[in-house]
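Each ligand, and each atom within it, is numbered from 1 in the order the structure gives. Note that the coordinates shown come from a computational prediction; the quantities given were computed from them, not determined experimentally.
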Amino acid sequence: MSYQSARDDPAELPFMDSKLNLESRVVDLLKRLTLEEKFSLCAGKGWGTTTPIERLGIKSLKMVDGPHGVGAIISRLRKCTYFPTAICRSATWNPDLSERFGVALAQEVRSIGFNTLLGPGVNIMRTPLCGRTFEYQTEDPYLNRKMAVAVIRGVQSQRVAACVKHFACNNQETNRGKVSAEVGERALREIYMPAFEGAVREADVWTVMASYNKVNGIYSCENRNLLVERLREEWGFRGFVVSDWFAVRRATSAESCVNGGLSLEMPGKGTKYGEKALRKAFDTGKFTEDTLDDNVKGFLRTMFFVGLFDDMPTFSKGSRNTPEHQALARTIAEEGIVLLKNEGDILPLDIGKIKSAAVLGPNASKRTGFGGGSSMVRPFYEITPLEGLKERCVGKVKVVKDPARADIAIIFAGLSHNILKGLDYEGSDKKSLELPADQIALINDTVMLNPKTIVVLINGSPVTMIGWLEKVPAVLEAWYSGLEAGRAIASILFGDVNPSGKLPVTFPRSLSDSPAHASERTFPGNEKVYYDEGVFVGYRHFDNKGIEPLFPFGHGLSYTTFDYGNLKMGNGVTLGDETLTVSVDTTNTGERAGAEVIQLYVHDVEASVERPPKELKGFKKVHLKQGQKQTVTFTLGKSDLSFWDEGANRWIAEKGVYEILIGSSSRDIRLQGEFEYPD
Ligand code: BGC
């Protein structure tokens, strides 16, 4: 077929035929593009839009943040639902909720006329100080992958492209624009890659965002090993890679990015991907048109996927701020809030017995949606903790200020998105693991006046509680949990909802216990930051070194109790494609309905390399009525036993004995079994 002339009506061209398969449409469109037009597609137009080509009817892709609502900056302050942040959503350990969240978020994206969502963020929580911890999911690669796949499937079910970010190893904000994450292949494979790999292989994600930093000395935006060899060649990625905003500025050259596999520079007209720079590099033979085509193809495929060339009325117009989305935000918050401590069963509060509650603390009236950096959202409304409590207490419990004259005291402490205070904010890391000193003083003073003091934490990253935890009977971790936060917190405090959240990240007692904080070299580094801990990230490190965390990974209490029993393990081996079935009975033995997350960890007892004492390889959340029992079944495969062998450059499951540990948290193992894996 010949190149299209300027007079042709693009509507008549083959690629416009929605009955043709996607690849044929891409091939047809690609051959009609001039080289100059391909160059123009490589850079953006505005802050969130790509360059249109009118001649061929190519409209702009419209990208908006993510990850916990339609981002306020790119959407120009459109009011949208503020969903609980990723750390809270992951604390639900409920992939179904993550998928429903993805669907709802994509509907909100569609409703403002956009088609690409810049999320989810799946960087591993390597340090509890990372300023973007609230935007990320967990320290564990298995949980990370499950949640990422669920969100992406939900988003893309609405024909909105998800953009999994930030690829790769953007695990800190300090020096993010120039630091090189020096990380070994085994840690990359076992810890940092699984969520990205799952996003591609299991969820067919359409977009990946290349991070600001370097990985092993090469900026992600021009890192062929990451963007071509792993993403495309190994995992089969069909979409396109976009740079993080302005991340290309520091890359070496136009050709290094083109050859590295970067499709799109954002935002604006492009620096390395300016048309002149691309033309010059091309004319001097620095890259070929075939290589450029590989990058452009992924971009065109995504355009077809989101329906840019199709009849838009046949696509969902989306919806936002609906009662359904608000209810979903509340459910996620209620399932994600974690009851950390509950001495003497002080919680739930009995609304019939308590006459007055003193409500204190800087976070009682704080709204948290509109802050934190690029992820900030402008919610239609946001119920603060105080508002939620007052609503629940009206006519029953008096909300007062003086803890000495109240039946109980509730302190809303924690952090905020205040950049000046160096807290949970994009672009900088926290300075310390402590709560601000005035809050510690407030807790200590209050508990002297009223021993029935409950601390509710509103924050997006781990904090230490040494110095006050032992004095207070109850602590609730409520995160930044969306526009219904206040109501969700009140429903848990008063027992309308039984808490079921589990920590997706270890809370250390002190910073020096944390694996990334062994030295300046491991955090924050300077030009380079060395991931010397290898695969021993999060609980893998605490277990390995026998360090007692403040609260372990997977921890979270309930108002009821669960019994574990009847562990059964299939035929005792996993071999080749065969799988091992593990089943366990869980019974709600307490006084009320509740949900439990049954966690399965694997331990390779004798290994030729150092392996973590425990690795999460399965989990299931079950909702059980009082007295109800349920059998939960897990299926393990060879990959669940494997480690990455750096010498052989492949996954290996070694012969020998493996332990299966079933627990209510990573440190509350209830049942144990073992089996022998033959060579
Ligand atoms: C952030 C990305 C975000 C982008 C666009 C950058 O500062 O790192 O996560 O998607 O801005 O807002």
Side-chain angles (χ1 to χ4, degrees), residues 43-50 60-78 80 85-87 105-106 108-109 112 114-125 130-137 148 151-152 155 160-179 181 195-196 199 205-215 219-221 239-251 262-268 270-271 302 369-378 417 419 424-429 460:
K45 186 168 161 256
W47 193 257
T49 50
T50 63
S60 294
L61 264 190
K62 291 175 137 191
M63 299 176 268
V64 68
D65 285 296
H68 45 261
V70 167
I73 299 173
I74 297 187
S75 76
R76 299 209 178 133
L77 300 177
R78 301 294 281 272
C80 295
T85 52
I87 193 169
L105 183 50
E108 302 232 343
V109 170
I112 61 159
F114 280 57
N115 45 41
T116 305
L117 172 81
L118 301 173
V122 303
N123 294 94
I124 286 283
M125 297 172 183
C130 176
R132 294 187 90 170
T133 302
F134 68 102
E135 287 188 61
Y136 297 145
Q137 302 190 122
V151 171
I152 295 164
V155 170
V160 167
C163 176
V164 66
K165 64 190 188 182
H166 309 86
F167 193 55
C169 297
N170 182 183
N171 306 101
Q172 65 185 57
E173 292 297 282
T174 310
N175 291 337
R176 71 176 180 181
K178 61 171 195 195
V179 74
F196 290 105
V205 73
W206 280 106
T207 315
V208 173
M209 187 184 290
S211 60
Y212 286 113
N213 54 291
K214 298 176 187 166
V215 177
Y219 276 113
S220 296
C221 290
F240 74 93
V241 178
V242 56
S243 72
D244 200 342
W245 269 229
F246 302 108
V248 168
R249 273 192 306 201
R250 287 200 168 99
L262 182 81
S263 294
L264 175 66
E265 174 180 350
M266 284 299 287
T271 53
T302 311
F370 196 66
S374 62
S375 66
M376 69 169 75
V377 297
R378 185 170 175 232
H417 292 309
I419 193 175
D424 293 320
Y425 200 92
E426 176 182 342
S428 59
D429 293 318

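Aromatic ring pairs are classed by plane angle as parallel below 30°, tilted from 30° to 60° and perpendicular above 60°; the pair H166 and Y136 is perpendicular.
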| task | Start with the C-alpha gap between T271 and E265, add the side-chain angles, then the distance that decides, and say whether side-chain hydrogen bond (donor to acceptor under 3.5 Å, both in side chains) holds. | result | CA-CA 8 Å; T271 53; E265 174 180 350; 2.6 Å; yes
| request: For R249 and S243, run side-chain hydrogen bond (donor to acceptor under 3.5 Å, both in side chains): C-alpha distance rounded to whole Å, both residues' side-chain angles, the deciding distance at 0.1 Å, then the answer. | output: CA-CA 10 Å; R249 273 192 306 201; S243 72; over 6 Å; no
| message | Applying side chain to side chain contact (heavy atoms under 4.5 Å, CB included) to I73 and D65, what does each step give before you reach the verdict? | response | CA-CA 8 Å; I73 299 173; D65 285 296; 5.8 Å; no
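Results of the side chain to side chain contact (heavy atoms under 4.5 Å, CB included) test with N213 over N175, N170, D244, N171 single out N170 as the only residue that passes.
F134 and T85 make their closest contact through O-CB, 3.4 Å (heavy atoms, listed as atom of the first residue, atom of the second, distance).
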With the criterion set at N/O pairs under 3.5 Å, what does the list of contacts between the protein and ligand 1 look like, atom names and distances included?
residue	atom	partner	partner atom	Å
ligand 1	7 (O)	Y212	OH	3.0
ligand 1	7 (O)	E426	OE2	2.7
ligand 1	8 (O)	R132	NH1	2.8
ligand 1	8 (O)	D244	OD1	3.2
ligand 1	8 (O)	D244	OD2	2.7
ligand 1	8 (O)	E426	OE2	3.3
ligand 1	9 (O)	R132	NH2	2.9
ligand 1	9 (O)	K165	NZ	2.9
ligand 1	9 (O)	H166	NE2	2.7
ligand 1	10 (O)	D65	OD1	2.6
ligand 1	10 (O)	K165	NZ	3.1
ligand 1	12 (O)	D65	OD2	2.5

